[in-house]
Amino acid sequence: MKIRTIAALVFVILFASTLFGQGTVVVIDPTVPAKESKLTVNEQKLFDKVVVPKFKAKYQDEGCQVAPEIAGAVDGAFTIAAAKQRLVFFQACQTGNGLGIVGLVVIQNGKIIASFGSDSGWSLDAGVLPDINRNGLDEFTLSYGGGMHQGEGGTGVDIMEFEAGRPKGLGWFKAEEFTDTEAVNVWKVTAKPGSTPLYFKQKFTAVGENKWRRVGVNAPLRLTKANAAFEVVN
């Protein structure tokens, strides 16, 4: 009887853990190497023909030589529910240490349907979040690097979504910190979906190449104000 009781208790715990795991979305995991993002041949031709001239007309000057580099390309329904769209995040130019102009475009059915630019940092990567606030549209992450300043640096991430066809920041968090004398620290961030998503962070410290040690417990994360402020590029 006692054995059956223990077995039942273990089953309940495992079942509850499975349910929680199924409802949790990984926002970003710096302990996993990022996958390289590329445009298809046709997408690159479209980008070069439509996007590049617009960004040159708006931003190019002595301090900003527009030569776009793709940081991330992700698929989802960003501006229209259930649509098949590709969101492209890129560096238009670098204007200083950790400073530059970044761009964001949305491609649908072989056409650029939205184009935005922002005076921001150095673009690193983009990710897609499957509608974690349950409003019918997918959210996305934009990761930025700030260069090294007085021997310190790191990575910051904006969580964003489209509202009325324009990018809107939902919040920011630190994903990585490093110095020239200490080990790299990173944070794996997850979200529990809902009308107001709950965020959690788990710290890891580097102990070797692509090797990490978990530090502390998975703790609640409160986002701060998103950094990027995008403007339409016509």
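Taken to the nearest 0.5 Å, the CE atom of M160 stands 12.0 Å off from the CG atom of L129. In this structure, CD on E43 lies 12.5 Å from NZ on K45, to the nearest 0.5 angstrom. We find the CG-CZ distance between N218 and R214 to be 7.5 Å, quoted to the nearest 0.5 Å.
Residue pairs meeting the side-chain hydrogen bond (donor to acceptor under 3.5 Å, both in side chains) criterion with at least one partner in residues 102-120, sequence neighbours excluded, are Q85-Q108. The list of disulfide (SG to SG under 2.5 Å) pairs with a residue in residues 158-234, not counting sequence neighbours, is empty. Listed by first and then second residue, the ring-ring contact (aromatic ring centres under 6.0 Å, His included) pairs that reach into residues 82-114 are F47-F90, F55-F90, F89-Y144, sequence neighbours excluded. The disulfide (SG to SG under 2.5 Å) contacts involving residues 189-234 comprise nothing, where partners must be two or more places apart or lie in separate chains. Sorted by first and then second residue, the disulfide (SG to SG under 2.5 Å) pairs with a member in residues 200-234 form an empty list; sequence neighbours excluded. Note on residues 62-112: pairs passing disulfide (SG to SG under 2.5 Å), not counting sequence neighbours, are C64-C93.
Considering all non-hydrogen atoms of both residues, D158 and N227 come closest at OD1-N, 3.0 Å. Considering every non-hydrogen atom in both A206 and A183, the closest pair reads O-CB, 3.8 Å. Closest approach of T179 to E152, counting heavy atoms only: CG2-CG, 3.9 Å. What you find for L142 and A126 is that their closest heavy atoms are CD2-CB, 4.2 Å. Here the closest non-hydrogen pair linking D125 and A34 is OD2-CB, 3.8 Å. Looking at every heavy atom in both residues, G169 comes nearest to A226 through CA-CB, 3.6 Å.
A continuous path of Ile, Leu, Val, Met, Phe, Trp and Tyr side chains, each step under 4.5 Å between heavy atoms, connects V74 with F230, placing both in one hydrophobic cluster. Both L87 and V232 belong to a single network of hydrophobic side chains, linked directly or stepwise wherever heavy atoms of I, L, V, M, F, W or Y lie under 4.5 Å apart. Grouping the Ile, Leu, Val, Met, Phe, Trp and Tyr side chains by contacts below 4.5 angstrom, directly or via other members, places V186 apart from V32. A single hydrophobic cluster is not seen to contain both I107 and F162; linkage of ILVMFWY side chains at heavy-atom distances under 4.5 Å, directly or through other members, places them apart. Hydrophobic clustering, with ILVMFWY side chains joined whenever heavy atoms are under 4.5 angstrom apart, groups V105 together with V52.
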As a quick check of understanding, evaluate side chain to side chain contact (heavy atoms under 4.5 Å, CB included) for T79 and I113, giving each step before the final call.
CA-CA 9 Å; T79 67; I113 65 167; 3.7 Å; yes
**OP:** In sequence, state the C-alpha distance, the side-chain angles, and the governing distance for E139 and L170, and then conclude on side chain to side chain contact (heavy atoms under 4.5 Å, CB included).
**Re:** CA-CA 9 Å; E139 291 75 39; L170 299 180; 3.9 Å; yes
For a side chain to side chain contact (heavy atoms under 4.5 Å, CB included) check, start with the C-alpha distance between Q202 and W187, then their side-chain angles and the critical distance, and finish with the verdict.
CA-CA 5 Å; Q202 174 63 63; W187 286 265; over 6 Å; no
Exercise for review: List the steps and the verdict of side chain to side chain contact (heavy atoms under 4.5 Å, CB included) for E231 and F116.
Suggested key: CA-CA 5 Å; E231 58 183 354; F116 305 89; over 6 Å; no
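Side-chain contact between I112 and L46 is present, with at least one heavy-atom pair separated by less than 4.5 Å. Looking at L39 and V88, their side chains come closer than 4.5 Å, going by heavy atoms from C-beta outward. Within the 4.5 Å cutoff, the side chain of R213 has no heavy atoms near those of the F204 side chain. Between T141 and I28 the shortest side-chain heavy-atom distance does not fall below 4.5 Å. Under the 4.5 Å side-chain criterion, counting only non-hydrogen atoms from C-beta, K203 is in contact with N185. Between P130 and V25 the shortest side-chain heavy-atom distance falls below 4.5 Å. K192 places none of its side-chain heavy atoms less than 4.5 Å from the side chain of P197.
A search for salt bridge (charged side-chain N to carboxylate O under 4.0 Å, His left out) contacts involving E176 returns nothing, not counting sequence neighbours. With sequence neighbours excluded, the residues satisfying salt bridge (charged side-chain N to carboxylate O under 4.0 Å, His left out) with D75 are R86. The side-chain contact (heavy atoms from CB on, under 4.5 Å) test applied to L221 returns F173, V189, Y199, K201, L223, not counting sequence neighbours. Residues meeting the salt bridge (charged side-chain N to carboxylate O under 4.0 Å, His left out) test with K168, sequence neighbours left out: E163. Every residue two or more places apart in sequence or in another chain was checked for a side chain to side chain donor-acceptor pair (under 3.5 Å) with S143, and none qualifies. Under the side chain to side chain donor-acceptor pair (under 3.5 Å) criterion, E161 pairs with N133, N135, sequence neighbours left out.
A distance-only check finds a donor-acceptor pair linking the side chain of W122 to the backbone of L99 [under 3.5 Å]. Listed for the D131 side chain is a donor-acceptor partner under 3.5 Å among the backbone atoms of G136. Checking side-chain atoms of Q65 against main-chain N and O of D61 turns up a donor-acceptor pair under 3.5 Å.
Between F78 and F140, the ring planes lie perpendicular to each other; the angle is over 60°, past the 30° to 60° tilted range.
Other residues, nucleotides and ligands place no more than 12 heavy atoms under 6.0 Å from the CD atom of E69. For NZ of K54, the number of neighbouring non-hydrogen atoms (other residues, nucleotides, ligands) closer than 6.0 Å is greater than 12.
Side chains of T31 and D29: a donor-acceptor N/O pair is present below 3.5 angstrom, by distance only.
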